[in-house]
Amino acid sequence: MGYYRASSQPGTLPLAFDLLARVGQILMLQFRRLRRSGRNRRRIKLLLKIALPLLVLYLIDLPIHLYRTRVARPDHDLDQPFATGCLDPSVTAAQPRENATFVMLARNSEIDDARATVENIEWHFNRWFHYPILFLNDVPWTEEFKDVLSRAVSNGTEVRFEVIEKGKWGFPEEMNEKEKTKAKLQMKKQGEKGVGYGDMESYHHMCRFYSGEFYNLEALRPYKWYWRLEPSVRYSCALTYDPFAEMARRNKVYGWTIALWETTDDYRIEKGIPRTPAWNALFQVMWYPRPSVVSEHDNAGNKWNMCHYWSNFEIANLDFFRGREYQDYFRYLDSKGGFYSERWGDAPVHTLAVHMLLSPEKIHHFSDIGYEHDTLWQCPGNAPMDEQLLGNKALADTGKMTPPSEGGTGCRCKCRENKRRRNINSECTSELTRPVAFHRPSWWERHNWVYHYAVNNPNNPRK
């Protein structure tokens, strides 16, 4: 099976399509003005004579434009859960491990939330696999934080407490004082406009850090894989296989759980990076595209659909993010200043990068992992009872679990009943998985806002 891969350059047809869009807008505006005035019939006829051949050209160019920007359907589903139900962790944990670590960026004041996360992930996964946990801070750790978090892990789990080295956190080193003052003023204006965290300097630093500098830390140099943790997140299913090993075995690069709503196309064209179905999946194809000079549109006039992976959960290959292509992309963005003049977040930066630089089958949706953060959560239905390994000594008694459901893949998941929170069964999940999905929501399902929980799994029993 092969994907259609168009040229990375804009080409004659997209430019013609963009030109038609611009000319069409001008003609439409002039036509409306003349019609309102009730005179100048000659001008109206002239405009119609000009518009008719343009309409013919548009109708010729439209199918080519739609074909070029389509998300090709693969001949089978390219992404599936790594396991269904429970496996025996005493067996899976005995298999060869990957060179991997958990990473948590936290403040000393977040001691309780950080401990809750660590205790949770230890119980649901790391009490069997004992991957190390690396804690990062931009200031020195307190002895209390180190003591409490060291005691929160299971026996055999290594913990490290590192301070981010100079030059990796904060404003870019090449930014002078005048530019910093301007950036601070722009952040203040964002706060006044009500942009979330817009006036919080540390938040901007964090977004820039996770977008690029994070991957070059000396503390991460020994590792090939990382699993990002955040204070105050909750895992709700037992994970009885090694996700790092499965990612490596199946040649995956980036793994995620939740996709939601939130340019870079100039960079893609400049570097000669071809369009792929993964890239096209980020855009809403426009039948009458707006000019590419308009914000949030690509060079073919299509609008970014604003979908991105929620990066507070990531399992990913560090070699990809440390590689030349990604780092070159980050430096390009950094040179534009948008991490401070706007509120560019690491989540859309990562999403745009993996869809631009990776083939679709290298991206994995961990639909079998129960994950909760803030007001959003993903909790899969449980697999049948005969796949829950009741009585397994390594799993032990995990307490009452959610009843199994049709299409369920989870291992002893405990999904919370809370109407203020919502299970992810969203348009963004559907849009971002289209490049790997043979089974897709029908037109009627999409029309009625009914989206599949995951690739080849339309069931979401706990909406």
Side-chain angles (χ1 to χ4, degrees), residues 77-89 91-93 95 98 100 102 120-121 123-129 131 225 227-229 233-250 252-259 309-310 312-316 361-373 376-390 392 394-395 398 401-416 422-426 429-430 432-433 436-437 439 451-463:
D77 291 319
L78 301 178
D79 189 40
Q80 296 286 348
F82 292 155
T84 298
C86 301
L87 303 177
D88 187 344
V91 175
T92 54
Q95 302 302 313
E98 290 297 313
F102 288 98
N120 178 269
I121 195 64
W123 174 252
H124 286 98
F125 169 76
N126 215 35
R127 59 182 167 130
W128 306 302
F129 293 89
Y131 276 102
W225 298 90
W227 181 337
R228 179 168 161 182
L229 296 176
V233 301
R234 176 180 175 268
Y235 291 83
S236 53
C237 303
L239 186 60
T240 54
Y241 64 85
D242 185 339
F244 298 117
E246 290 300 321
M247 291 278 285
R249 186 171 73 85
R250 299 169 192 255
K252 302 287 187 178
V253 173
Y254 186 84
W256 58 281
T257 54
I258 292 176
Y309 303 124
W310 216 16
N312 47 66
F313 173 99
E314 292 179 320
I315 298 178
E361 64 272 13
K362 293 184 181 294
I363 305 169
H364 178 62
H365 179 200
F366 281 101
S367 60
D368 57 322
I369 290 182
Y371 179 71
E372 179 181 316
H373 181 48
L376 298 177
W377 55 284
Q378 169 184 279
C379 195
N382 274 315
M385 290 301 293
D386 60 356
E387 297 181 37
Q388 297 300 323
L389 297 189
L390 299 179
N392 181 274
L395 271 166
T398 53
M401 63 182 184
T402 303
S405 59
E406 181 185 358
T409 57
C411 171
R412 303 197 185 184
C413 299
K414 300 174 185 177
C415 302
R416 291 188 181 184
R422 64 186 180 93
N423 205 2
I424 295 301
N425 193 24
S426 71
T429 299
S430 178
L432 295 181
T433 56
V436 296
H439 297 90
Y451 293 97
H452 293 181
Y453 176 73
V455 172
N456 199 21
N457 186 0
N459 302 289
N460 186 5
R462 312 193 71 78
K463 296 179 183 177

Query raised in the report: Are M401 and M385 close enough that some pair of their side-chain heavy atoms sits under 4.5 Å apart?
Result: yes

Query raised in the report: Sub-3.5 Å donor-acceptor pair from the side chain of N382 to the main-chain atoms of G408, do we have one?
Result: no

**Report entry** Heavy-atom closest pair, residues T84 and A383
**Finding:** CG2-CB, 4.0 Å

Query raised in the report: Can you name the closest pair of heavy atoms from S367 and P81 and give their distance?
Result: OG-CG, 3.8 Å

Requested in this report: Sequence neighbours left out, what passes ring pair (Phe, Tyr, Trp, His ring centres under 6.0 Å) with W310? Give chain and number order.
Outcome: H373

Query raised in the report: Does some side-chain heavy atom of W225 sit less than 4.5 Å from a side-chain heavy atom of P243?
Result: no

Query raised in the report: For the residue pair W227 and F125, is the inter-centroid distance of their aromatic rings smaller than 6.0 Å?
Result: yes

Report task. Determine the minimum heavy-atom distance between V91 and Q95, stating which atoms define it. Result -> O-NE2, 3.4 Å

Query raised in the report: What residues, two or more places apart in sequence or in another chain, satisfy side-chain hydrogen bond (donor to acceptor under 3.5 Å, both in side chains) together with E387?
Result: none

Query raised in the report: Can you tell me how far the CD atom of E314 sits from the OG1 atom of T257, to the nearest 0.5 Å?
Result: 9.5 Å

Report task. Just jot down the ring pair (Phe, Tyr, Trp, His ring centres under 6.0 Å) partners of H364, sequence neighbours excluded, or say none. Result -> F82, F366

**Report entry** Minimum heavy-atom distance H365-Q378, with the two atoms named
**Finding:** NE2-OE1, 2.9 Å

Report task. Give, for atom CZ of R249 and atom CD of E98, the distance between the pair rounded to the nearest 0.5 Å. Result -> 11.0 Å

Requested in this report: Please identify each residue that fulfils side-chain hydrogen bond (donor to acceptor under 3.5 Å, both in side chains) with R228, with sequence neighbours left out.
Outcome: E230, D346

Requested in this report: List in chain and number order the residues that pass side-chain contact (heavy atoms from CB on, under 4.5 Å) with T240, two or more places apart in sequence or in another chain; answer none if no residue qualifies.
Outcome: C86, L87, P89, W128, A238, L395, C411

Requested in this report: Heavy atoms only: give me the nearest L390-R412 pair and the separation to one decimal.
Outcome: CA-NH2, 3.5 Å

Query raised in the report: What distance separates L376 CG from N312 CG, expressed to the nearest 0.5 Å?
Result: 9.0 Å

Query raised in the report: Atom OG1 of T409 and atom CD of Q80: how far apart are they, to the nearest 0.5 Å?
Result: 10.0 Å

Query - From CG (L239) to CZ (F129), nearest 0.5 Å - result: 7.0 Å

Query raised in the report: If you measure SG to SG, does C237 sit under 2.5 Å from C379?
Result: no

**Report entry** Which residues share a side-chain hydrogen bond (donor to acceptor under 3.5 Å, both in side chains) with N392, sequence neighbours left out
**Finding:** D88

Query raised in the report: Excluding sequence neighbours, so at least two apart, what forms ring pair (Phe, Tyr, Trp, His ring centres under 6.0 Å) with Y371?
Result: Y235, F313

Query raised in the report: Residues in side-chain hydrogen bond (donor to acceptor under 3.5 Å, both in side chains) with K252, at least two apart?
Result: D79

Requested in this report: Look up atom CG in D368 and atom OH in Y241, then write down how far apart they are to the nearest 0.5 Å.
Outcome: 3.5 Å

Query raised in the report: In chain order, what residues pass the ring pair (Phe, Tyr, Trp, His ring centres under 6.0 Å) check against Y309, with sequence neighbours excluded?
Result: Y254, W256, H355

